[in-house]
Amino acid sequence: MGYEKVRSVGRGAFGDCILCRGRNDASKVIVKVINTHGMSAKEENYMQSEVNLLKKVQHPLIIGYIDYFTSDNQLAIVMQYAEGGTLEKLINERVIKESNTKEHFPEKTVLEYFTQVQYFLFPPNHLNIQILVALDHMHSKHIVHRDLKPQNILMNRKRTILKLSDFGISKELGTKSAASTVIGTPNYLSPEVCESRPYNQRSDMWSLGCVLFELLHLERAFNGENLPAIVMKITQGKLKRMGDHVSEEVKIIVNKLLQTIPTNRPDIAELLVNPTVLPYLISIHCDLGRLEPPSNDKRKPSASLGSRLRTYPTQSTLRALSSSSIAPSTQNMTPVQSSLDSGFFAAGRSTGFNSRSQSRVPVQTKYEQYH
Ligand SMILES: Nc1ncnc2c1ncn2[C@@H]1O[C@H](COP(=O)(O)OP(=O)(O)OP(=O)(O)O)[C@@H](O)[C@H]1O
């Protein structure tokens with residue numbers, strides 16, 4: 001393998017994440033080493049074909065897969081390095097432990113992050129044909145992320161851009177690998193997933209609500225001493241009281257996302273045209289076109305991606321979105337001045353594992369068949 005180990009940056013349910021440097025060009029990448037012991041040859045091949053597919057997904061808001069290698073009972077996936085660490089670490093840093101005080105993010109920053117999370121979970125179909133093909137393929141195989149949590153949301157060095165990791169493989173790992181008996185964080189699971197009921201995109205909306213709550217309050221929406229206590233709170237929808245620093249509009253969004261009955265939650269189309277959220281979405285459309293490709297991306301940059309994004313008319317986006325019956329008038333809306341910028345993954349350091357208590361639950365309960 002053309003990489004040498006720099007240091008370990010974290011450990012997940014499926015294996016270790018190691019920061020490596022290219023032997024020839026010193027570019028930094030993350031190598032995620034997954035134990036495939038217990039997988040059949042067919043399952044291993046399937047995993048590899050999924051990684052091959054994910055290599056083709058190029059999106060400024062999704063951690064790109066670069067390559068993979070196999071050796072005895074191990075699959076090593078090489079992916080882009082997110083130098084800013086995880087969103088979880090960023091949240092933890094705002095909690096001043098000594099004085100037990102919290103330095104809340106400005107609501108504008110929260111909404112910027114939140115809109116990025118929505119955007120990469122449900123990218124508008126017209127954005128990039130290459131992604132469209134890959135995502136369509138993934139969705140047709142019923143592979144969606146479904147493990148949204150601050151640990152899976154990584155950041156660039158300047159911590160202005162969020163990137164979703166673990167897209168696609170988590171479901172396969174969750175059901176197929178020997179690691180499926182290993183554990184994951186239950187706090188972001190929807191009531192239906194906790195109760196092993198059918199799972200759909202509205203369950204991702206729940207997790208999105210948990211992330212939004214946590215960004216606003218710097219604490220988890222549903223927490224408890226142990227697993228049963230957490231699950232009880234989730235299934236009963238016992239949400240903590242929201243702080244006075246949160247605006248009424250944003251409180252309404254959080255409450256809608258965290259409805260225990262899935263059909264009572266907004267779907268993504270509804271959320272994206274919410275008058276509080278829409279201006280941030282417009283900014284993302286404008287800003288993504290200005291992003292540079294990651295410097296450590298070994299793949300050939302898609303020549304057309306940048307130009308397509310740059311020239312994409314925001315008005316068509318608005319037209320597409322406003323076809324929804326609840327679309328608000330966009331005439332008086334201006335894009336929010338955004339802090340998105342380039343400087344992707346250029347230097348800096350990554351994080352280790354999070355400092356807060358990790359309540360863990362068997363992974364297979366997290367991954368239900370997508371309906
Ligand atoms: N691309 C990356 N760039 C920088 N750090 C990363 C990257 N991928 C993972 N890490 C670090 O490694 C840690 C472990 O990541 P991993 O994806 O294996 O597990 P997880 O998402 O934290 O948990 P789980 O396995 O339960 O989903 C992360 O919390 C993060 O700190």
Side-chain angles (χ1 to χ4, degrees), residues 3 5-21 27-35 51 54-55 57 59-68 74-93 120 144-159 161-189 193 207 211 227 294-298 344-367:
Y3 302 97
K5 179 174 174 176
V6 177
R7 66 189 151 83
S8 177
V9 293
R11 170 166 229 169
F14 308 119
D16 289 326
C17 287
I18 299 161
L19 174 64
C20 293
R21 190 184 295 118
S27 61
K28 286 182 183 160
V29 293
I30 291 291
V31 179
K32 189 165 180 167
V33 184
I34 293 164
N35 185 354
V51 177
L54 288 160
K55 276 164 67 178
V57 178
H59 191 284
L61 302 179
I62 295 178
I63 287 282
Y65 288 4
I66 297 166
D67 217 338
Y68 70 86
Q74 284 188 329
L75 171 67
I77 302 175
V78 183
M79 60 180 90
Q80 289 168 2
Y81 173 42
E83 317 212 19
T86 63
L87 188 62
E88 185 182 46
K89 178 158 188 275
L90 182 78
I91 291 170
N92 283 336
E93 284 172 4
F120 56 45
V144 290
H145 192 282
R146 89 189 67 190
D147 193 19
L148 181 70
K149 55 187 177 185
Q151 296 100 303
N152 273 339
I153 300 172
L154 297 160
M155 311 191 77
N156 67 330
R157 179 172 55 88
K158 291 182 181 171
R159 290 169 152 187
I161 313 283
L162 306 187
K163 281 204 157 202
L164 188 65
S165 75
D166 278 357
F167 200 95
I169 59 162
S170 43
K171 157 73 168 35
E172 287 312 308
L173 284 168
T175 53
K176 301 234 162 81
S177 94
S180 64
T181 50
V182 196
I183 41 183
T185 309
N187 306 65
Y188 307 89
L189 301 181
V193 172
S207 307
V211 172
L227 176 64
S295 58
N296 62 2
D297 190 348
K298 291 280 176 72
F344 251 162
F345 313 125
R349 67 182 194 81
S350 175
T351 66
F353 210 56
N354 65 77
S355 56
R356 285 184 298 170
S357 65
Q358 293 278 311
S359 308
R360 298 251 162 198
V361 68
V363 160
Q364 68 264 42
T365 57
K366 295 193 299 184
Y367 303 107

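For ligands, and for the atoms within them, numbers begin at 1 and follow the listed sequence.
- Smallest separation of non-hydrogen atoms from A82 and I63: CB-CD1, 4.0 Å.
- Close approach to L154 involves these atoms of ligand 1, each under 4.0 Å from a residue heavy atom: 1 (N), 2 (C), 6 (C), 7 (C), 8 (N).
- Across G84, P150, C17, G85, heavy-atom proximity to atom 12 (O) of ligand 1 is greatest for C17.
- For atom 2 (C) of ligand 1, the candidate residues are I30, I18, I77, I34; the nearest heavy-atom contact is made by I30.
- Among K32, R11, K89, K28, the residue whose heavy atom sits closest to atom 16 (P) of ligand 1 is K32.
- Test K158, R157, R159 against E83 for side-chain contact (heavy atoms from CB on, under 4.5 Å) and you get one pass: R157.
- Within ligand 1, the atoms closer than 4.0 Å to a non-hydrogen atom of K149 are 23 (O), 24 (P), 26 (O), 27 (O), numbered from 1 in the order shown.
- V31 and A76 make their closest contact through CG1-CB, 3.7 Å (heavy atoms, listed as atom of the first residue, atom of the second, distance).
- A pairwise comparison of heavy atoms in K5 and I18 identifies CG-CG2, 3.4 Å as the closest pair.
- For S207 (side chain) and Y188 (main-chain N/O), a donor-acceptor pair under 3.5 Å exists by modelled atom type.
- Contact record, M155 with L162: CE-CD2, 3.2 Å, taken as the closest heavy-atom pair.
- Looking at ligand 1, you won't find any N or O of T86 less than 3.5 Å from one of its N or O atoms.
- For ligand 1, the atoms sitting less than 4.0 Å from at least one non-hydrogen atom of Y81 are 3 (N), 4 (C), numbered in the order shown with element in parentheses.
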